Visitor: 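Questions regarding the structure given below will be posed in turn.
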Amino acid sequence: MANNITTEASFENQETWAGGRSPFNVSYGKLMMWIFLLSDAFTFSSLLVQYGTQRFSNVVTPITTKWPDPASIFNHFPGMHGFHLPLLFVSVMTFILILSSVTMVLAVEAGHRNSKKEVAKFMIYTILGGLAFLGCQAWEWYTFIHEGARLDGNTFGITKQGYEHLHSVSFGSHFEWEVGDRTFGPVPFAALFFIVTGFHGFHVFSGVVINVVVYIMTVRGVFERRGHYEMIEKAGLYWHFVDLVWVFVFTFFYLI
Amino acid sequence: MEFYNKPGDYDAINYIPHTESHGTKELWKTFWLLLGITLFDFMIYFVMPTSGYRNFIFIFFGLVKAYFIVGAFMHLKHEKVSLALIILVPTIFICGLIIGLLYEGSALEVMKSI
């Protein structure tokens, strides 16, 4: 079949975009995961753009609509009531998410070696990390709501007096809101916090669900029969994206 | 290049992707880098007073962390350049939108106080 051989040879020399092969050298599923993540990046970008615009339009005057200082609000740590500990708890959350990202990528690496046992082990670690993060976020939300934040209201406008009070206390010493410190601040502060971290938390939740499904498939030997562990890579892409979004949420909501 | 190079090879369910392990060295290096940057951010937060420079440092290191997550963890560094470009180029426009709307937000602030 000389004819057949020539067609195969000419096919191998075909140009990238001539059809019949993946121009990006990735499988359909992985490419679609990338495209989905790009559209998800647009979703989060639009939320963060809105946050930035609202924040920049509520900076200085009048004092009652001033954007609250995140350090004065997210300053709690479980089991350490009454201390002014800004950024500490979110840093722990960030550490948990980075760690679960590493275990995920180790699962992907174990999948490349077709090691079912190691994939299952690292998937369990990743799921535990995700659940720990969700628990932390639930606690964060509980504290924030407990202090009076609502989707349609915000009790965290800080007066000039409160601002001075806040900055007079140093790291680790007692800080509590006093009546004179508080005014009603801009509503988008609490609303956007709930929407953006809620959206991110929902992504973490769905990531955990995906990871659990993939873990069960691994343990039942679905990928072993299939001959490759690419599904772990796809789940991993999603999980790392969730970590990536957290980097920006952490930067814009807590650091700045 | 190893897959889909023969007619009839493309089969979404039964295809075997070309996989090879690059080892865990790079991954752990990335982990320590991410952890180090986060700790550095944490330190800067308490050492430096609030200012535009401090915000610039935070955003810069946020982008550095994003580079390492996308490049090493999501493996984009080792994919084809064309794939990396279709994913990364649209995000440049997002950056443009952010900068533009931050300026507009500042303008709104001035308008509100009039």
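Everything numeric in this text was worked out from a predicted model, so none of it was measured. Proteins come first, then strands; the chains are lettered A, B, ... in the order of their sequence lines, and each starts at number 1.
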Visitor: Just give me the residue among T53(A), L37(A), L31(A) that pairs up with chain B most often, heavy atom to heavy atom, under 4.5 Å.
Guide: T53(A)
Visitor: What option among L102(B), I86(B), I94(B) has the most heavy-atom pairs under 4.5 Å with chain A?
Guide: L102(B)
Visitor: Quick one: are L108(B) and F56(A) in side-chain contact, heavy atoms under 4.5 Å?
Guide: no
Visitor: Looking at G62(B) and F248(A), what are the two nearest heavy atoms and their distance?
Guide: O-CZ, 4.2 Å
Visitor: When rounded to the nearest 0.5 angstrom, what distance separates CG in L83(B) from NZ in K30(A)?
Guide: 9.0 Å
Visitor: Take the angle between the ring planes of H240(A) and F73(B) and call it parallel below 30°, perpendicular above 60°, tilted in between.
Guide: tilted
Visitor: State, yes or no, whether a side-chain contact exists between S101(A) and F31(B) at a heavy-atom distance under 4.5 Å.
Guide: no
Visitor: Under a 4.5 Å heavy-atom cut-off, does chain B meet the side chain of E233(A), its backbone, both or neither?
Guide: side chain
Visitor: If you count heavy-atom pairs under 4.5 Å with chain B, which of L244(A), L99(A), L87(A) comes out on top?
Guide: L87(A)
Visitor: Got a second to check how far S45(A)'s OG is from I98(B)'s CD1, nearest 0.5 Å?
Guide: 6.0 Å
Visitor: Tell me, side chain or backbone of Y45(B) under 4.5 Å from chain A's heavy atoms, or both, or neither?
Guide: side chain
Visitor: What part of L38(A) lies closer than 4.5 angstrom to a heavy atom of chain B: side chain, backbone, both or neither?
Guide: side chain
Visitor: Going from CG on L34(B) to CG on L97(A), what distance comes out if it is rounded to the nearest 0.5 angstrom?
Guide: 11.0 Å
Visitor: Could you check whether any side-chain heavy atom of K65(B) comes within less than 4.5 Å of a side-chain heavy atom of F250(A), counting everything from C-beta outward?
Guide: yes
Visitor: Measuring from L255(A):CG to F61(B):CZ, what's the distance to the nearest 0.5 Å?
Guide: 12.0 Å
Visitor: Picking from V102(A), V90(A), D243(A), which has the most non-hydrogen pairs under 4.5 angstrom with chain B?
Guide: V102(A)
Visitor: Go through it in stages, so that I can follow the logic: the residues are I98(A) and T38(B), the test is side-chain contact (heavy atoms from CB on, under 4.5 Å), and I'd like the CA-CA distance, side-chain angles, deciding distance and then a yes or no.
Guide: CA-CA 10 Å; I98(A) 290 177; T38(B) 306; 3.7 Å; yes
Visitor: Using non-hydrogen atoms and a 4.5 Å limit, figure out which bit of Y254(A) sits close to chain B: side chain, backbone, both or neither.
Guide: backbone
Visitor: Is the count of non-hydrogen atoms from other residues, nucleotides or ligands lying under 6.0 Å from F93(B) atom CZ greater than 12?
Guide: no
Visitor: Between F42(A) and P90(B), what is the shortest heavy-atom contact and its length?
Guide: CZ-CB, 3.7 Å
Visitor: Heavy-atom count around F199(A) CZ within 6.0 Å, excluding the residue itself: above 12?
Guide: no
Visitor: Would you say K29(B) has more than 12 foreign heavy atoms packed within less than 6.0 Å of its NZ?
Guide: no
Visitor: In this structure, are over 12 heavy atoms from other groups packed under 6.0 Å from Y103(B) atom OH?
Guide: no
Visitor: Roughly how far apart are E79(B) CD and W34(A) CH2, rounded to 0.5 Å?
Guide: 7.0 Å
Visitor: Identify which of A107(B), G100(B), S82(B) forms the greatest number of heavy-atom pairs closer than 4.5 Å to chain A.
Guide: S82(B)
Visitor: With a sphere of 6.0 Å drawn around OH of Y125(A), does it hold more than 12 non-hydrogen atoms of other residues, nucleotides or ligands?
Guide: no
Visitor: Could you walk me through whether L63(B) and V247(A) pass the side-chain contact (heavy atoms from CB on, under 4.5 Å) check?
Guide: CA-CA 9 Å; L63(B) 291 173; V247(A) 165; over 6 Å; no
Visitor: Would you mind telling me which of I44(B), T50(B), L97(B), N55(B) has the largest number of heavy-atom pairs within less than 4.5 Å of chain A?
Guide: N55(B)
Visitor: Give, as side chain, backbone, both or neither, the part of L48(A) having an atom under 4.5 angstrom from any heavy atom of chain B.
Guide: neither
Visitor: Rounded to the nearest 0.5 Å, how far does CD1 of I87(B) lie from CD1 of I35(A)?
Guide: 6.5 Å
Visitor: Is any side-chain heavy atom of I59(B) less than 4.5 Å from a side-chain heavy atom of I256(A)?
Guide: yes
Visitor: If you count heavy-atom pairs within less than 4.5 Å of chain B, which of T94(A), N114(A), V108(A), L106(A) leads?
Guide: L106(A)
Visitor: Check the side chains of E109(A) and S21(B) for a donor-acceptor pair under 3.5 angstrom, ignoring hydrogens and angles.
Guide: yes
